[in-house]
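Inspection log for the structure reproduced underneath, given as structure tokens.
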2 protein chains.
Amino acid sequence: MSEEDRTDALFHALAHSGRRRILDLVKAMPGCSVGDVCKYFDTSRIAVMKNIGVLEAAGLLISEKTGRVRSLHFNGAPIQLIYDRWTTEYSSYWGTQVTDLKFKAEAKKRPETDA
Amino acid sequence: MSEEDRTDALFHALAHSGRRRILDLVKAMPGCSVGDVCKYFDTSRIAVMKNIGVLEAAGLLISEKTGRVRSLHFNGAPIQLIYDRWTTEYSSYWGTQVTDLKFKAEAKKRPETDA
DNA sequence: CCAATATGTCACCATCTTGTTACCCATGAG
DNA sequence: CTCATGGGTAACAAGATGGTGACATATTGG
């Protein structure tokens, strides 16, 4: 899976309030079962399982099956990738350029300062 | 729009390599036009415009129309929200809990240390 | 005015996503 | 064994998404 694909999977996984809630739940209840998570949702168990699958595919959840019970664990590493790659790349930009962008946007309205 | 909806829109907008590329392009060429962005894509102009619309709805792009040209500007503020809310909340967790999680995951295999 | 340019809108289509129900498999308690 | 429990798979329906071409609008240049 390419970097782009992983980024897609990660952002896609996070672009769903139910899945974000699952993350919160698993984070709050490390090692909880699939059934435990389902108790907090009105949707069917299968829907929850699918969302767990999406989160797992994105690497945000880790599961291990013991007997017939599947224990879930939160993994923040992929989010850290966002932090490292995106916020670093863009935040340095924000700090210096965002104000400048606003300036340029304003400048556009004044011909004499047009870029 | 609720906080959840805005978060959905933001992550959804970012969960598309083409849209992320548009962000990079606009970031590199502040004030560029829609047509400028289109030059970098094989897809149709309409597809690019729709993706610009998605990015704009997520607040990641700001546009202003002067004459018949629409100038695009990158806005990192929404990503900063991710940074502030998500990475703060989760990164503090990673630092302290991830190792602990791994421990608990291992512990699950040993009955005497079962949580 | 006339034509080229830059963008916006519309209707349509293929595919993906998200949920559903029904059914199957494995495990643990009795 | 018997059976409830926890989980997994398959097939399907509704809606969202991402793309398209055709057409409309508005501005600029000559």
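We name chains A, B, ... by the order of the sequence lines, and we start the count at 1 in each one.
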Requested in this report: Look at all strands and tell whether T43(B) reaches a base, only sugar-phosphate, or nothing, counting heavy atoms closer than 4.0 Å.
Outcome: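 Touches sugar-phosphate only.
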Query - Touch class at under 4.0 angstrom, heavy-atom based, for K50(A) against every strand present - result: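 Here K50(A) touches the bases of the nucleic acid.
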Report task. Kindly point out which of dG8(D), dG18(D), dT7(C) is positioned nearest to the side chain of M49(A)? Result ->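 Selected nucleotide (nearest to the side chain): dG8(D).
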Can you tell me if [X] touches the phosphate of [N], counting only side-chain N or O atoms and a distance under 4.0 Å to OP1 or OP2?
| X | N | result |
| --- | --- | --- |
| S44(A) | dG19(C) | no |
| H16(B) | dC16(C) | no |
| S33(A) | dG6(D) | no |

Requested in this report: Name the residue closer to the 5' end of DNA chain C, choosing between G67(A) and N51(A) according to the nucleotide with the nearest heavy atom.
Outcome: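 Result: N51(A).
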**Report entry** Rounded distance in Å - CD1 (I46(A)) to P (dA11(D))
**Finding:**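 Those two atoms, CD1 and P, are 15 Å apart.
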Query - Quiz item: R68(A) side-chain donor-acceptor pair to dT5(D) base, under 3.5 Å - result: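 Yes, the side chain and the base share a sub-3.5 Å donor-acceptor pair.
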Query - Polar side-chain contact R70(A)-dG6(D) base: donor and acceptor under 3.5 Å - result: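 It does not, because no donor-acceptor pair links the side chain of R70(A) to the base of dG6(D) below 3.5 Å.
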**Report entry** Closest heavy-atom pair and its distance - P78(B), G59(B)
**Finding:**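 Smallest heavy-atom distance, with atoms named: CG-O, 3.3 Å.
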Query raised in the report: With no hydrogens and no angle check, is any side-chain donor or acceptor of R19(A) less than 3.5 Å from a backbone partner on V48(A)?
Result: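 Side chain of R19(A) to backbone of V48(A): no pair is present.
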Report task. Answer yes or no: is there a side-chain heavy-atom contact under 4.5 Å between L55(B) and L23(B)? Result ->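 L55(B) vs L23(B): side chains touch.
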